[in-house]
2 protein chains.
Amino acid sequence: MAAKRSGGQSKQSERKVPPPSGPEPRSEQPLSLERIVATAVELLDSEGIDGLKMRRLADCLGAGAMSLYWHVGNKEEVFDLALDSVLAYRGPVPIDASQDWRGEVVHMLKDWRAGMLRHPWSAALLPRRALGPNILARLELLSSTLSRAGVADADLNVAIWSLWNYVIGATTTRASFDLSDDDRAAAQQRLTSLSQHYPTIERSRLLLDNDWDGAFSKGLDFLLDGLVPKQ
Amino acid sequence: MAAKRSGGQSKQSERKVPPPSGPEPRSEQPLSLERIVATAVELLDSEGIDGLKMRRLADCLGAGAMSLYWHVGNKEEVFDLALDSVLAYRGPVPIDASQDWRGEVVHMLKDWRAGMLRHPWSAALLPRRALGPNILARLELLSSTLSRAGVADADLNVAIWSLWNYVIGATTTRASFDLSDDDRAAAQQRLTSLSQHYPTIERSRLLLDNDWDGAFSKGLDFLLDGLVPKQ
DNA sequence: GATTGACTCGTACAGTGTACGATGCGAGTT
DNA sequence: AACTCGCATCGTACACTGTACGAGTCAATC
């Protein structure tokens, strides 16, 4: 197991500031990896995953299309960087430190999910990408917390992957099933018209219940119950 | 909650067989939705998700590129059809019927995962697509089985989504992390070089353990333990 | 023979990512 | 001052994509 993508690391270095003349008249400051990634995130937020074109991104930056390729190896790398930039984690309020392991885990995973739903494109991107430093940091936090909570080293692997799977599955699903009301109405109609084939699905209101957050929390509790049985 | 995609349903109907003259000399039988989908699956299997181009698909079928568009609305629809065609489920051997609910659930979910891993592109496709009939059938089976197992209607929703999340997360992860040995070696090296930052990850051999199947089974057991506590 | 409708496909177009090479620029070095 | 050199930018060009459009084929029907 490990991550894909051949480490890119394109050129570029620090640059002399243009003689400090107050806030530039916008869009004339030099290109930089940070600016590129930040703008890519904005673009992804507003236009979605297919809305990110190299030319468009360059336009938003007030640059020529090919200028981006000095800072970035290819479009894929832009995706990688945008994804990891969105997954930074500052940790919980440090008050309840180290007492409540379960609270910490839940907090981090909820924050993870929330962050990805704030940038829905990230959910679709995650499975295909490398493990960036922010993701690894979260996994490390998860590992150490669970270890402190008493999960045996032999089970740690399974525990982490189970939680990972749960979060990934939940966010990708949620991100792609977030519909307009019209869509929802159409889907409801379609489903009831097929209700003789799927009676239990209908009874459970599987596709109609909108309480994604609650479902995520409850399911996470169940999973944690299984992983670390209450003594 | 519901499915995306505006129902397509492109033209096409049954066609008169060319006067039965034994097995055609290959690649001269007429186009059909079935042939298109089957060939698309083959192509996806061998070339991956980016390897499916309309022109290439048409070539493989011995047809002109634009002929496909008589049977199919657009490329997206090809993806939808290929995905659902891969997710049919025949059910378990009917011997142990209805006794062992947990065995049934595990069997279906393992089969689900196995099917998707046989066609790794399907994992990447699933989250973005509509719920086809084969997927809905699996969800219905899951619902009814869990219901029989004693899960309250109020919890059914959470239970189903939890299992869904787990399966989706596990398969997409597995499908995108399936690396060559070289890749794995490189990743191992990279990780150990960062081991001071991620000590617990290293200790748990998170990225190095290759027993995906075992991890999937164990995690699934934990989750089911949480969902339906052993009485 | 004429008409119709199912089906096929060649051509064309508006994009896409990016290879390549020309250009500008600021700092050393001589 | 003239020079080189590395960083950084960008215009042009190319190969390739999905697919709109319309002309073509062919069998069944009138």
Side-chain angles (χ1 to χ4, degrees), chain A residues 5-6 8-21 24 27-37 39-40 43-44 47-82 125 128, chain B residues 5-6 8-21 24 27-37 39-40 43-44 47-82 125 128:
Chain A
R5 302 229 47 65
S6 54
Q9 212 68 354
S10 285
K11 324 83 205 180
Q12 153 241 4
S13 66
E14 67 282 16
R15 252 243 289 225
K16 36 278 155 188
V17 281
S21 62
E24 287 287 318
S27 98
E28 276 310 336
Q29 65 246 77
L31 236 34
S32 74
L33 241 206
E34 293 75 32
R35 284 217 319 135
I36 291 176
V37 174
T39 311
L43 216 57
L44 284 164
E47 315 264 344
I49 219 164
D50 292 330
L52 183 64
K53 326 275 168 85
M54 294 304 270
R55 280 177 241 255
R56 183 107 159 67
L57 178 54
D59 277 356
C60 291
L61 288 160
M66 292 312 292
S67 306
L68 302 180
Y69 287 88
W70 176 258
H71 305 267
V72 147
N74 50 32
K75 192 183 177 181
E76 291 269 287
E77 202 175 310
V78 178
F79 281 130
D80 287 345
L81 294 168
L125 244 37
R128 297 193 264 168
Chain B
R5 299 231 50 64
S6 55
Q9 211 69 354
S10 284
K11 327 75 207 182
Q12 152 240 6
S13 66
E14 67 282 16
R15 251 242 290 225
K16 37 278 154 188
V17 281
S21 61
E24 289 285 321
S27 99
E28 275 309 337
Q29 65 244 81
L31 237 32
S32 74
L33 239 206
E34 292 74 33
R35 282 215 322 133
I36 291 176
V37 174
T39 311
L43 216 57
L44 284 164
E47 316 263 346
I49 220 165
D50 293 331
L52 183 64
K53 327 274 167 88
M54 295 305 270
R55 278 177 244 255
R56 185 107 159 66
L57 178 55
D59 277 357
C60 291
L61 287 160
M66 291 313 292
S67 306
L68 302 180
Y69 287 89
W70 175 260
H71 305 268
V72 147
N74 50 32
K75 191 182 177 181
E76 290 269 288
E77 202 175 310
V78 178
F79 280 130
D80 288 346
L81 294 168
L125 244 37
R128 297 192 265 166

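Sequence lines set the chain letters: A, B, ... in the order given, protein chains first and strands last, and positions in each chain run from 1.
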What is the nucleic acid contact for A/Leu52, judged by heavy atoms within less than 4.0 Å: base, sugar-phosphate only, or nothing? sugar-phosphate
For B/Ala65 and A/Gly64, take the nucleotide of DNA chain D holding the closest heavy atom to each; which residue's nucleotide lies nearer the 5' end? A/Gly64
Taking only side-chain N and O atoms of B/Ser67, does any of them lie within less than 4.0 angstrom of OP1 or OP2 on C/dC7? no
May I have the distance from B/Tyr69 (atom OH) to C/dC13 (atom C1'), rounded to whole angstrom? 14 Å
Nearest-Å distance for atom pair CZ/C1', residues B/Phe79 and D/dT17: 12 Å
From the candidates C/dT8, D/dT19, C/dT18, the one with an atom nearest any side-chain atom of A/Asn74 is C/dT18
Rounded to the nearest angstrom, tell me the gap between atom CZ in A/Arg35 and atom C1' in D/dT9. 13 Å
Using a distance-only criterion (donor-acceptor N/O pair, under 3.5 Å, no hydrogens), is the base of C/dG17 paired with the side chain of A/Arg55? yes
From CG of B/Leu68 across to P of D/dT17 the rounded distance in Å is 14 Å
Just checking B/Ala63: base, sugar-phosphate only, or nothing, at a heavy-atom cut-off of under 4.0 Å? sugar-phosphate
Can you check whether B/His71 has a side-chain N or O nearer than 4.0 Å to OP1 or OP2 of C/dA6? no
Of all the heavy-atom pairs spanning B/Leu44 and B/Phe79, show the shortest one and how long it is. CD2-CE2, 4.0 Å
Picking from C/dT11, D/dC10, D/dC7, the nucleotide nearest the side-chain atoms of B/Met66 would be C/dT11
After noting the C-alpha distance and the side-chain angles of A/Arg56 and A/Leu52, does the key distance pass the side-chain contact (heavy atoms from CB on, under 4.5 Å) rule? CA-CA 7 Å; A/Arg56 183 107 159 67; A/Leu52 183 64; over 6 Å; no
